[in-house]
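Counting convention: from 1, in listed order, for ligands and their atoms alike.
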Amino acid sequence: METIRNPEQTSMLEFEKSAAWKNLSPGDLSFSFPQSIAGDVESAVANASAVMAGWARTSLAERIERLREAQRAIAAAKEELSHGIALETGKPITEAQGEVGAVIAKIDLTIEDAGSHLAERTGLGGPHPSLVRQAPRGPAVVIGPFNFPLHLGHGANVAHLLAGNPVIYKPSPLAANVAAKYGRIMETAFPGGVFQLVQGGGVEGSALCLDPRIRAICFTGSVPVGRELARKLAGDFSKDLALELGGGNALIVCADADLDEAARAAAEGACLTAGQRCNATSRVIVERSVAAGFEKKFLEALAVFEPGDPLLAATKLGPLVSAAAVARYERLLGEMPGDWLLRGRTEPIVAGKRGYWVRPAVIHREDGRADDAECFVPIVSYFIAEDLAHAVRLHSTTPFGLTASVFTRSEETFRRLGAELEVGNLYANLPTTFSPSTLPFGGWRDSGNSRPGGRGFIRYTTREQAVQWKGFFSKTSPNGTPDPA
Ligand code: NAD
């Protein structure tokens, strides 16, 4: 296959169309990973279809045992996987370790969810004995983003596998090498064809999603790609399409807030993963009476986020993932309307290494205009609200609805404001990035299509079937459940 990717490329489009590529480490551009090659979509889908019936027939106990085997292997490889995430995506190593920890814990949480979700329901009344069962949907495709290259795809992978669906995981091409390590562990733990990893970009992702043999898709990525998939699949009722998309998340600082805590949370929300999180704080909305005091504390809190080597435990701000991301950061610095409270800049060399570092920036905006595009770099739009009603109006100027956080000492204010914020994840006095795996995590409006990922994703891996019978199955149901009659 032809290698057409230029490592210094800035066009994601060109990259997404390439069949082979080499990633550079964003925190050390002299380090280049081995070449990755796009996978064979047709044979992966054929394999998944071939093993579908057999995997669906396995008991939940057997599926759990396979996952436990994968869990033990992931735990044994925790440091290698964390190092791989940090090296390939630029995410600081402590964050990468947190991601792998979440991957391991996700298996326990999903097994717990599977027990209740997959159990047959009986005793529902009606003239005949009956039950409701959850049937596997069919072969599933999971598409992952670069910023959580293992954790986000893994959550859907595990849920589908427990439900009896073979899975094809297509990770982000920007994290192909660490994803390959994860893929080898998962493939080894399951019978051939039950879990497969297919490398590639948009071409492979699109071909996988549109294949008629695929019955469930979990796509985590940007709004434009999610929208394109939803449009192309609009008439296909045989597929479930779960969309986990971008955000334009706001942290709202009320007049009675603890300003120190709010400032620290806003800085953390803006800078974790260098702003490349769906739940990053890209907007801060502050009530005018405390704006001056908050502003000073916010800029002080941001000063803690010094660019550093992502492989060092002390680093809080790693580089952006690619030259394309740096180019977008520079474009936003040039184009965003308003007064810069903190001027950002790129840092091409940090600790003697060439990389894609940028510094946080804050812009005071008076326009109140909607940002239709996700920010996804550490630039914060700072708005001053005359009162809480104005804060709500400012909040709703983006099309997104992922996370929002309200800083206030008053539960009543939180409840009142919260009722008006159209987001899938609502927090009080916590960073917008505080999204634990123990809860569902889904976006409203442009941020998703009401298929919450995180906890409970298993709901979207099955099809519900109502069964009733007359005249036979006197003692047990077709599946062995005691006959409710
Ligand atoms: P992206 O949309 O560029 O790519 C995501 C994945 O989709 C990649 O694997 C890519 O190869 C694949 N892809 C590209 N074109 C495709 C197509 N036409 N059909 C199918 N697949 C295709 O996103 P990214 O830059 O990798 O990740 C960042 C985005 O993900 C941000 O928008 C972020 O907000 C979002 N995200 C959302 C959540 C959430 O839970 N809501 C979590 C993390 C990231």
| Between Glu374 and Ser222, is any side-chain donor less than 3.5 angstrom from a side-chain acceptor? | no

| said: Under a 3.5 Å threshold, yes or no: a donor from one side chain and an acceptor from the other, between Thr432 and Asn279? | reply: no

| query | Does any N/O atom on Thr220 come nearer than 3.5 Å to any N/O atom on ligand 1? | reply | no

| Between Asp108 and Gln71, a side-chain donor and acceptor under 3.5 Å | yes

| Non-hydrogen atoms of Ser172 versus ligand 1: any pair closer than 4.0 Å? | yes

| Min N/O separation Phe146 to ligand 1 under 3.5 Å | yes

| message | Tell me whether Glu374 has any N or O atom under 3.5 angstrom from an N or O of ligand 1. | response | yes

| said: Please determine whether any non-hydrogen atom of Gly454 lies less than 4.0 Å from an atom of ligand 1. | reply: no

| query | So is there a nitrogen or oxygen of Gly144 less than 3.5 Å from a nitrogen or oxygen in ligand 1? | reply | yes

| query | Hey, is ligand 1 close enough to Ser447 that some N/O pair sits below 3.5 Å? | reply | no

| field | Min N/O separation Pro145 to ligand 1 under 3.5 Å | value | no

| Are a donor atom and an acceptor atom from the side chains of Thr220 and Glu244 found within less than 3.5 Å of each other? | no

